[in-house]
Structure formats: C-alpha cells, structure tokens
Amino acid sequence: MERDREIADFFNAVLYDGERVIQAQELAPDDTDSSVVLEYKKAVESLEGSRDKIKIHKKLGSDGKGIGLLGLEFQDYISYQMPLKMMGYDYSSYHKLYKSNVEQYQGKDSSKRKAMTRDEFLSGMKKEDRLVPIINIVVYYGQEPWDGPITLHEMLDIPAKLERYVSDYRIMLLVEARNSDLKLHNDDNIDLFTMLRIALGQSHSPSEKRKLLIQYDDEHNPSKDVMMVVYGLMGVKMDYDRLEREGGSMRTVFDEVYDEGRAEGKAEGKTEGRAQEIVGIYREQGFSDEGILEKLQTRLNVSLDQAKVFLWG
C-alpha cells in the first residue's frame, strides 16, 4: 500500500497539478476480487515483465466508474528512439488487452458467440466493446537536458507536403527529474525529487552536491528506499546492510564511499555501481532474471553478455 501511495501521489502531481484525485486504495492490489478488475488482471500481469511499473486504476473517468491503466517508464539516458519504444509498449499493451477481451468469446459459453454478428465474430470483439485507456509517464533522470524526440514525426524525414498524411505518435508526458516542479504530497516523493534535483543539477560541483545531499539527509532523514535510488543514480556503492547493522548515520557511510573522484566517475566503476543498484531495485520489485537482464541492457546500454556478468558475476 505504501508504494501505491507514492504512485498515486506522483500521478496526481503530473495529471492533476497536485490535486488528490487518485487515491492509493483505488489502485487495484494483487489480491483484488473485483470481477471488473480481474478481467484485466491477466493482461496486466503479462505486461509487468517489460514495463517498469503498471497499475490498474479502478475509478478512472469523470463518473468514477471506469477502469484505466497507469504506466511508469524510467529513463536514465536520452533515447533518440523513445517514441518508437513507447509506441511499441502501447501497441503491446492494447493488443494484450484486446486478446483478453477476445477470450471471453472463445470459452465454453457459446451464448456469447451466438449473440455476435458476423463482423463482430471476425473482429473478435463486439461493436460496443471498449478497451481500457493506458496513460504512460516517462520519468527521465539523466544528467543532460532532454533533447531527444517526443513524437514519431521528429524521427522521420517527411516532405512537408506529405506530413499530414503520415500518422504520428506522441509521448504525452515526459518528466525531467532534474528540473521538475511537481506538486507532491507524499514525503518519500518529495525527498526523492528534491534530492534528484540536487544530484542531477548542473549549478553545483560534485563536492557541493555532496554537502547539500548530506545536509538534506541530516535535516529530513529520507527513507532507505529513497537513498538507494538517489545514490544508485549517482553511481555510489552503498553498504546498507552494514549501515543498519552498525546503526551508523547516512552521513558516515556517504563520507566513506563518496568522493569527487567517484562523482566525476571512472566509467567502469560507475557502471558497476549503477548495475548493482538496478539489480537490487528490480529484485525488490519481483522482476524475473530475464526482466532484470533487459533492464540492465537498456538502462546501461550494455550487451546481453555484460548484463549477465552484472547479474550473476
């Protein structure tokens, strides 16, 4: 439920300017027994291996009776094929929802099929059938300002006179963590995005960032989960087990492992540190080894063989 509070708060900040429209309890839990939610649960579960986070929202729509899917995609580098990536996600998601809808007409209950017209039968769905909408948010937390495309048209070389005839696809929501001004209410979200602005900002030197992050830690005592994400993005290796075992402060551990040389980064050491954090985060979220390997490849831009080394040693 705590993660659901964070997700609901984040979507409210992006979609509703901080107004608390989506409630955590409206994000369907894994053990929900609502028939209208279960109808889409199988399709959603099949998407979870490839998406960073996807949730069923049980009260989407002006009447509060609709169903929708909320998708989060985290991006740590500028992807110049991002519209294609998100378009592929959308197609895959809608196609799986369509297949889930078709299955209701392929079961033993032939009465549903008998009620279909020939066109409906061949289409695999009835005229009045509707799929649920999917709202995707891309969270970019790279060091450089995003200068990649957000539309398919930006990736294409189209003669001006023909542009209106070429279908487009747009990434509707892209949030840059380094300069976001989201109206957040959840403490973990506030801590996370505040510290990301410090860590990813370009107005301070590595040593100044270090001091600011330690100061923020002292004053606000952010959670372990927040610290894992922030330091992971900075390529800092944190011994959290030791921290908890010895009861030390985050300042102590940070002073021991973080210096300007690491912040400036030797590429190899920084990549290894980020890989460890990525593995830890997705293990905690229940991703399979296959899913983690995919995340390592895309987030670190490494080969499958290198990803296997990071995962299994």
Side-chain angles (χ1 to χ4, degrees), residues 7 10-11 14-15 39-57 60 67-103 123-125 129-142 144 146-158 162-177 274-275 278-279 281-282 285-308 311:
I7 293 172
F10 179 73
F11 271 92
V14 176
L15 301 179
E39 180 180 344
Y40 299 103
K41 185 179 177 186
K42 182 178 179 181
V44 169
E45 288 174 345
S46 69
L47 299 173
E48 288 177 338
S50 59
R51 302 299 300 273
D52 286 343
K53 183 66 68 176
I54 189 161
K55 282 284 185 178
I56 300 175
H57 181 210
L60 188 71
I67 291 283
L69 301 185
L70 306 178
L72 276 176
E73 184 68 19
F74 299 100
Q75 188 71 24
D76 62 353
Y77 65 94
I78 300 171
S79 173
Y80 295 103
Q81 55 94 40
M82 200 66 195
L84 283 180
K85 180 179 181 180
M86 297 309 297
M87 187 167 64
Y89 280 157
D90 272 355
Y91 168 77
S92 176
S93 300
Y94 282 120
H95 186 63
K96 286 175 180 177
L97 290 172
Y98 162 74
K99 288 174 65 177
S100 177
N101 184 74
V102 169
E103 287 177 1
S123 301
M125 62 188 300
D129 286 346
R130 294 292 182 271
L131 304 180
V132 302
I134 301 171
I135 299 174
N136 292 307
I137 297 177
V138 178
V139 181
Y140 168 63
Y141 53 87
E144 301 298 325
W146 182 272
D147 64 357
I150 60 172
T151 69
L152 179 61
H153 274 195
E154 292 176 74
M155 299 180 61
L156 304 178
D157 183 12
I158 315 171
L162 299 179
E163 185 173 347
R164 61 176 176 163
Y165 301 114
V166 179
S167 297
D168 198 7
Y169 175 89
R170 173 179 292 273
I171 300 173
M172 298 305 297
L173 299 164
L174 188 143
V175 177
E176 288 198 58
R274 287 173 61 198
I278 290 170
V279 171
I281 289 170
Y282 286 107
Q285 293 184 12
F287 273 61
S288 65
D289 283 357
E290 182 180 3
I292 295 175
L293 285 172
E294 181 182 342
K295 294 300 179 185
L296 285 168
Q297 290 178 81
T298 57
R299 293 192 179 286
L300 301 180
N301 195 26
V302 297
S303 66
L304 176 59
D305 288 341
Q306 185 61 56
K308 289 179 178 178
L311 182 59

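Numbers here simply count residues along the sequence, with the first being 1.
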Is it true that a side-chain atom of [X] and a backbone atom of [Y] form a donor plus acceptor pair closer than 3.5 Å?
{"X": "S100", "Y": "K96", "value": "no"}
{"X": "T298", "Y": "K295", "value": "yes"}
{"X": "E294", "Y": "G291", "value": "no"}
{"X": "H153", "Y": "R170", "value": "no"}

(Q) A quick test of your reading: do over 12 heavy atoms of other residues, nucleotides or ligands sit less than 6.0 Å from OH of Y91? (A) no

Q: Identify the residue among L152, I150, L156 that makes a side chain to side chain contact (heavy atoms under 4.5 Å, CB included) with E154.
A: I150

From [atom1] ([X]) to [atom2] ([Y]), nearest 0.5 Å:
{"X": "E73", "Y": "L174", "atom1": "CD", "atom2": "CG", "value": "11.0 Å"}
{"X": "I134", "Y": "M86", "atom1": "CD1", "atom2": "CE", "value": "9.5 Å"}
{"X": "M172", "Y": "I137", "atom1": "CE", "atom2": "CD1", "value": "11.5 Å"}
{"X": "Y89", "Y": "N136", "atom1": "OH", "atom2": "CG", "value": "9.5 Å"}
{"X": "Q75", "Y": "M82", "atom1": "CD", "atom2": "CE", "value": "4.0 Å"}
{"X": "L72", "Y": "F11", "atom1": "CG", "atom2": "CZ", "value": "4.0 Å"}

Less than 4.5 Å apart, side chain to side chain, heavy atoms only: is that true for [X] and [Y]?
{"X": "L304", "Y": "L296", "value": "no"}
{"X": "L311", "Y": "L293", "value": "yes"}
{"X": "Y169", "Y": "L84", "value": "no"}
{"X": "Y98", "Y": "L131", "value": "yes"}

Q: With side-chain contact (heavy atoms from CB on, under 4.5 Å) as the test, would you mind laying out the steps for Y80 and D147 before giving the verdict?
A: CA-CA 8 Å; Y80 295 103; D147 64 357; 2.8 Å; yes

Q) Between Y141 and F74, how do the two ring planes meet: parallel, tilted or perpendicular, split at 30° and 60°? A) tilted

Q) Between D76 and Y140, which heavy-atom pair has the shortest distance, and what is it? A) C-CE1, 4.2 Å

Q) How close do S79 and P149 get, heavy atom to heavy atom, and via which atoms? A) O-CD, 4.1 Å

Q | Test side-chain contact (heavy atoms from CB on, under 4.5 Å) applied to I171 and T151, step by step | A | CA-CA 6 Å; I171 300 173; T151 69; over 6 Å; no

